[in-house]
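Each chain gets a letter, A, B and so on, in the order the sequences are listed, and its residues count up from 1. Since this is a predicted model, take the numbers as computed values, not measurements.
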Protein chains: 2
Amino acid sequence: MKKVTMADVAKLANVSKSTVSQYLNKRYEYMSEETRKRIARAIEELGYQPNIIARSLKQKTTATIGVIVFNILHMLTIQVLHAIEEACQERGFHVIVSNSDDDPEKEKKYIDMLLAKQVDGLIVFTTGKNEDVYQRLVEERFPLVFVDRMVPGVEADAILLDNKRAAALAVEYLASHGYERIGAVAPPLASHVVPRMERIEGFRQALTEKGLPVIADYFVTAEISSIQRELAKLFASGRPPEALFAINDLTLMKILHFVKNNGIHVPDDLALISIDDVPFADIYTPTLTTIAQPTFAMGKKAAERLFMQIVRKQKHKPQIFRFPPTLIERKSVRQRGNNNDGRR
Amino acid sequence: MKKVTMADVAKLANVSKSTVSQYLNKRYEYMSEETRKRIARAIEELGYQPNIIARSLKQKTTATIGVIVFNILHMLTIQVLHAIEEACQERGFHVIVSNSDDDPEKEKKYIDMLLAKQVDGLIVFTTGKNEDVYQRLVEERFPLVFVDRMVPGVEADAILLDNKRAAALAVEYLASHGYERIGAVAPPLASHVVPRMERIEGFRQALTEKGLPVIADYFVTAEISSIQRELAKLFASGRPPEALFAINDLTLMKILHFVKNNGIHVPDDLALISIDDVPFADIYTPTLTTIAQPTFAMGKKAAERLFMQIVRKQKHKPQIFRFPPTLIERKSVRQRGNNNDGRR
DNA sequence: TAATTCTACTAAACCGGTTTATGAAAACGT
DNA sequence: ACGTTTTCATAAACCGGTTTAGTAGAATTA
């Protein structure tokens, strides 16, 4: 198959391997026009393609980064990945994508494999575990950036949404539209899943700040698959919430399923607001008021920070970047009569 | 950082590099229990991790495949990618993902870069161009599998939807529900974009087979961004179609936008059926009747075929696999009065 | 006892580049 | 004319593994 090596080129051009290597690396300084041409011709003639693996071995750099995600099907993942890929293209880097399936064991395995493959850095949508592994990486100054989530206690760059702000946006918007009895829906809370905690905590905080009731029953946290069941219980009971805050796109989908199956009208019976701007938000009926994450900017930043770490390997103080959420006003929340601090 | 090499292990264990290598490759045949233990201890003690790059150089195999996609944000891409990634995980392979953005130039560049990086094979969601490049790969017996699209004239494995069947399913379903004046919506046709051509051709064929009128005006093919405008024209004219067949998810979205903006009621004013099962199909109102592609099976098959080519590098006759579409009946098409070959 | 076969392990070549130290020839300075 | 730079190019070491050929010494066979 492809067997042409630098030695072949050298022989044909009647120069040494070293000279060919210089040529390829554009170190023309002390190279005669004549030699340069001969090498170019030889390369052309043989259809020579350098073997990057060999180069990597010597240079100890692969121009490849690893990205480990906990859910490759999640829309946020894909969009951020897209931005990362684009940034890497510009720099001539390649991206190896691995899916941990939110399993810390797998995550650890991939970290090890990617390191063995000598990737130049790692961007991780982490499970939130494997603290020891990440701690070691940080100590060794291995380039590392967390996205979306992070590992508490590990001092590494992290690109996150300003989750509290996002929750506050939701609450403030609902409050200003006259809603008081507001519920939240989320997957099970776990201390190592940072955004979940922050969003729920931010939600609770915003409620109290706005002087709205914090009703325990209105916090629906359940496995995605049983959210519908839990909602059914909630709505079967006495007074259901007037509005629901969906912590992410997956829970929003479940809520939409629920309201559709139960003939609940949005926004008349129930107002809806969610984090993550789903692609169908403005063709749904009603169109969906959402809080969007700047996914592209987040991916770009993640890549940038990683490159920064890769080029200057000295110390650098890890930073946590909080990206601002944006409320996209549509029609799943509407003005209610009984309030006096909102508009119209 | 990580500098422990095999030589270090060898020295500490008081054996030769060769022996350590044997040990790592589990060639224990002629190795004393004693030696084995010493090596194990040394590895443990030094925290040694082998450098896969070095191994790759000698073995000429990287356990890495390249996947080039023309649109990383497309749902089909992601789902197939997911399956590919999973299959690779099982085999200990890594996946480098590149996004060509449907630009043949970029595609070519990535092929070259991935080859330089010595990937063991390539799965390509191709732009349909670069025939010469692919032809060379095939001649060199380089492992290659096309997915979704293919390059006409290049004899390589291809994993495709049975596009004609999919179009026929749509037409037959609409016909059996009493629809006669059926339109199709697609991005611009181009001979190198195989699925588009096949779906439209299959649609036309199915119409004639069912004895339904083939109306030129009802074929809306336009850049995604101008589909809404074209639809507006079509519906402003005399007799609009009773049903629309969307060739993929992107066109479906545009149609949904259009009907929403223009107060057209689905399915009463207009029936809708589309290829690609969008995630919101069963929470939309009405729920959407779609024709799903077996994306996971397709990805799995693509990986399998590639592995097949990777392990036995001899000749193998390239095959085109046509995967069967599945009609998922929901509510965007309903029974009409005036027909007599349908059910109900 | 000598020849042969196993066992346990190693030296050295190799993969295909990059890099460093070095050297010959040409150009320059005085 | 002779020493000094400068120009152009190369040999050889190196990266960190794998693999091949080979070799002591023990065990087996004749």
Polar contact flag, side-chain donor to acceptor under 3.5 angstrom, K117(A)-T64(B): yes
Give the rounded distance in Å between these two atoms: CD of Q49(A) and C1' of dC15(C). 18 Å
Under 4.0 angstrom, heavy atoms only, what part of the nucleic acid is Y48(A) near: base, sugar-phosphate, or nothing? sugar-phosphate
Atom CD of E33(A) and atom P of dT7(D): how far apart are they, to the nearest Å? 16 Å
Using the side-chain contact (heavy atoms from CB on, under 4.5 Å) rule, take V124(B) and V145(B) through it: C-alpha gap first, then chi angles, then the decisive distance, then the call. CA-CA 6 Å; V124(B) 190; V145(B) 176; over 6 Å; no
Can you tell me if Y30(A) touches the phosphate of dT7(D), counting only side-chain N or O atoms and a distance under 4.0 Å to OP1 or OP2? yes
Compute whether any side-chain donor of one residue and acceptor of the other, for E107(A) and T127(A), lie under 3.5 angstrom apart. yes
Distance-only donor-acceptor check, side chains T35(A) and S32(A), under 3.5 Å: yes
For the pair made of CE in M6(A) and P in dA9(D), what is the distance, rounded to whole Å? 15 Å
Grab the CZ-C1' distance between R55(B) and dC15(D) for me, whole Å please. 16 Å
Once you round it to whole Å, what is the distance between C1' of dG16(D) and CD of Q59(B)? 12 Å
With side chains defined as the heavy atoms from C-beta onward, is the minimum distance between L24(A) and M6(A) less than 4.5 Å? yes
Counting heavy atoms from C-beta on, name the nucleotide in dG17(D), dA8(C), dG16(C) closest to the side chain of S32(B). dA8(C)
Could you state the CG-P distance from L57(A) to dC14(C), rounded to the nearest angstrom? 17 Å
Any N25(B) side-chain N or O less than 4.0 Å from OP1/OP2 of dT18(D): yes
Using a 4.0 Å heavy-atom cut-off, does M31(B) contact any base of the nucleic acid, only the sugar-phosphate backbone, or nothing at all? sugar-phosphate
Below 6.0 angstrom between ring centroids: does that apply to F125(B) and F146(B)? no
Any side-chain heavy atom of L161(B) sitting closer than 4.5 Å to one from R322(B)? no
Residues of residues 11-23 of chain B with a heavy atom under 4.0 Å from any atom of DNA chain D, listed by number, are K17(B), S18(B), S21(B)
Could you check how far CD of Q118(B) sits from P of dG16(C), rounded to whole Å? 9 Å
Over all strands shown, is S56(B) touching base, sugar-phosphate only, or nothing at heavy-atom distances under 4.0 angstrom? nothing
Does K3(A) put a side-chain nitrogen or oxygen below 4.0 Å from OP1 or OP2 of dG16(C)? no
Go through dT19(C), dC15(C), dT7(D) for me and flag the one nearest to the K58(B) side chain. dC15(C)
Taking for R38(B) and for I53(A) the nucleotide of DNA chain C with the nearest heavy atom, the one nearer the 5' end belongs to R38(B)
Euclidean distance, atom CG of residue N51(B) to atom P of dC14(D) [Å, nearest integer]: 18 Å
